[in-house]
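In what follows, a structure is listed as structure tokens, so that the remarks can point back to it.
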Amino acid sequence: MILCADIGGSYIDFAEADHSHELAHRQRQPTPTSDLDAFVSVLNSMAASYPAAVPLHMAIAGVCAPDTGRTFTANIPCVNDVPLRELLTQRLGRRVLVVNDAHCFALSEAMQGAGKGHDIVFGIILGTGVGGGLIIHGRPVIGRDGLGGEWGHGPFIAQDAGGDGIPCLPCQCGQSGCLDTIGGARGIERLHYHLSGKEIHARALLADWLSGDASAHRTVDVWLDRMSAGLAMVANVTGASIMPVGGGLAHQVELIGALDLKVRSRILRQQDAALVVPGCLPADSGLIGASWLKD
């Protein structure tokens with residue numbers, strides 16, 4: 001048995017997983033975001049009825065750097081810059097693993113979802129922003145700093161690219177021109193405002209796109225051009241044969257289908273089967289992915 005927790009900025013989801021990674025005895029509690037003692041206390045209360053020999057594997061909306069053990073997250077400030085794995089191991093009296101939730105999403109899809117049977121899986125997050133995780137032979141490639149799979153950052157959009165309608169925007173990471181600035185739901189809204197001067201929610205924008213609106217088509221065409229270029233590079237570098245998508249935009253089936261066709265037209269190998277596909281396990285990916293983690 002393994003205990004699993006999915007730590008978000010609003011709630012902590014908790015469950016036990018058996019040898020077949022089936023989830024049971026699920027619990028949910030609000031996440032104490034500003035009080036570290038309260039945060040530890042909630043986890044302790046959720047795990048209290050289980051023997052100390054049962055480990056706790058956690059997916060968190062943030063980065064846990066393997067080289068320092070410290071956690072960095074925007075939504076849960078009480079654990080920011082805290083050696084969370086070490087702290088929880090001591091305070092809970094059980095072995096603890098802590099991994100970014102995007103890696104857990106990718107791992108869940110690789111082991112039980114759309115990527116099952118594939119040796120190399122790259123999980124894509126298209127939510128509020130852009131994220132990802134690389135799985136090779138069932139193991140996440142995390143990197144020393146915990147940032148493996150972060151394909152949304154880097155100066156991908158050049159400063160002089162404004163002539164083709166693509167804004168080179170400042171990113172929260174400190175750079176400019178990152179795909180994260182236009183890639184997620186808020187990003188495609190930002191891109192549409194830049195191109196049309198109109199503010200519109202991503203869901204409404206995509207509905208307009210499907211109905212044939214010219215302004216929405218221009219925005220989505222620009223979005224597909226840049227995002228497919230980034231993902232084609234990821235596919236070439238990693239050799240991933242499947243790229244499941246999670247996050248809010250994963251529910252936009254037509255958009256993901258259009259992105260898949262564009263990516264496959266730009267990669268070096270020819271692939272008839274879909275490459276970029278909606279994930280199969282988005283609701284439980286944190287818990288399921290955590291259950292598959294290994295030291």
Chi angles and distances behind the side-chain contact (heavy atoms from CB on, under 4.5 Å) call for His57, Arg95: CA-CA 8 Å; His57 294 183; Arg95 185 169 62 86; 3.9 Å; yes
Side chain Arg190, main chain Thr181, donor-acceptor under 3.5 Å: yes
Flag side-chain contact, heavy atom, 4.5 Å: Ile12 against Phe39: yes
Minimal non-hydrogen separation, Leu281 against Glu109, with atom names: N-OE2, 2.7 Å
Co-membership, hydrophobic cluster, residues Ile182 and Leu255, 4.5 Å side-chain: yes
Any side-chain heavy-atom pair of Val96 and Met58 under 4.5 Å: yes
Arg144 side chain to Asp67 backbone, donor-acceptor under 3.5 Å: no
Pairwise distance OG(Ser41) to CD(Gln29) - rounded to 0.5 angstrom: 9.5 Å
Atom of Ala273, atom of Arg264 and distance for their closest heavy-atom approach: O-CD, 3.3 Å
Residues Asn75, Thr73; criterion side chain to side chain donor-acceptor pair (under 3.5 Å); working and verdict: CA-CA 6 Å; Asn75 298 327; Thr73 173; 5.2 Å; no
Student check: side-chain heavy atoms of Met111 and His21 closer than 4.5 Å: no
Derivation and outcome, side-chain contact (heavy atoms from CB on, under 4.5 Å), residues Leu36 and Val79: CA-CA 6 Å; Leu36 182 59; Val79 303; 3.9 Å; yes
ILVMFWY cluster, Val220 and Ile200 together (side-chain gap under 4.5 Å): yes
Enclosure of Arg269 CZ (heavy-atom neighbours >12, cutoff 6.0 Å): yes
ILVMFWY cluster, Met233 and Val276 together (side-chain gap under 4.5 Å): yes
Backbone of Ala202 reached by a side-chain donor or acceptor of Glu189 within 3.5 Å: yes
Close side-chain approach of Leu287 to Arg26, heavy-atom, < 4.5 Å: yes
Same apolar cluster: Leu107 and Ile136, side chain cutoff 4.5 Å: no
Contact check, side chains of Leu191 and Arg218, non-hydrogen atoms, under 4.5 Å: no
Gln172 atom CD, neighbour heavy-atom count above 12 within 6.0 Å: no
Step-by-step salt bridge (Lys or Arg N to Asp or Glu O under 4.0 Å) determination, Asp225 to Arg266: CA-CA 10 Å; Asp225 177 73; Arg266 290 181 157 187; 2.7 Å; yes
Geometric class of the Trp151/Phe122 ring pair [parallel <30°, tilted 30-60°, perpendicular >60°]: perpendicular
CG-OG1 distance between Asp180 and Thr128, expressed to the nearest 0.5 angstrom: 10.0 Å
Atom of Gly289, atom of Ser108 and distance for their closest heavy-atom approach: N-CB, 3.6 Å
Any donor-acceptor N/O pair, Arg85 side chain to Cys64 backbone, under 3.5 Å: no
Validation row: Pro55, Ile2 side chains within 4.5 angstrom (heavy atoms): yes
Nearest heavy-atom neighbours spanning Pro170 and Ser176: CA-OG, 3.7 Å
Heavy-atom check, side chain of Leu259 versus side chain of Leu126, under 4.5 Å: yes
Linked, directly or transitively: Val63 and Val98 (ILVMFWY side chains, under 4.5 Å): no
Atom of His118, atom of Ala114 and distance for their closest heavy-atom approach: CD2-O, 4.1 Å
Any Leu293 side-chain heavy atom under 4.5 Å of Cys104 side chain: yes
Closest approach of Cys4 to Ser291 (non-hydrogen atoms, all atoms of both residues): SG-CB, 3.6 Å
Distance (rounded to the nearest 0.5 Å) between Ile256 CD1 and Met243 CE: 12.0 Å
Pairwise distance SG(Cys171) to CZ(Phe156) - rounded to 0.5 angstrom: 14.0 Å
Stepwise side-chain contact (heavy atoms from CB on, under 4.5 Å) check, Ile142 with Asn100: CA-CA 9 Å; Ile142 294 173; Asn100 170 261; over 6 Å; no
Check against side-chain contact (heavy atoms from CB on, under 4.5 Å), Asp35 and Cys78: CA-CA 6 Å; Asp35 186 329; Cys78 69; 5.6 Å; no
Test item: side-chain donor near acceptor, Glu254 and Trp209, under 3.5 Å: no
Under 3.5 Å: donor-acceptor pair, side chain of Gln175, backbone of His153: no
Test log, rule salt bridge (Lys or Arg N to Asp or Glu O under 4.0 Å), inputs Arg91 and Asp37: CA-CA 10 Å; Arg91 298 273 293 271; Asp37 287 335; 3.1 Å; yes
Distance in Å, His192 NE2 paired with His201 NE2, rounded so as to fall on 0.5 Å steps: 13.0 Å
Exam field: side chain Thr31 to backbone Gly8, donor-acceptor pair closer than 3.5 Å: yes
Distance, nearest 0.5 Å, that separates CG of Leu275 from CD1 of Ile242: 6.5 Å
Any donor-acceptor pair under 3.5 Å from His103 side chain to Gly149 backbone: no
Asp272 CG: over 12 foreign heavy atoms closer than 6.0 Å: no
N/O donor-acceptor pair under 3.5 Å between Asn236 side chain and Leu268 backbone: yes
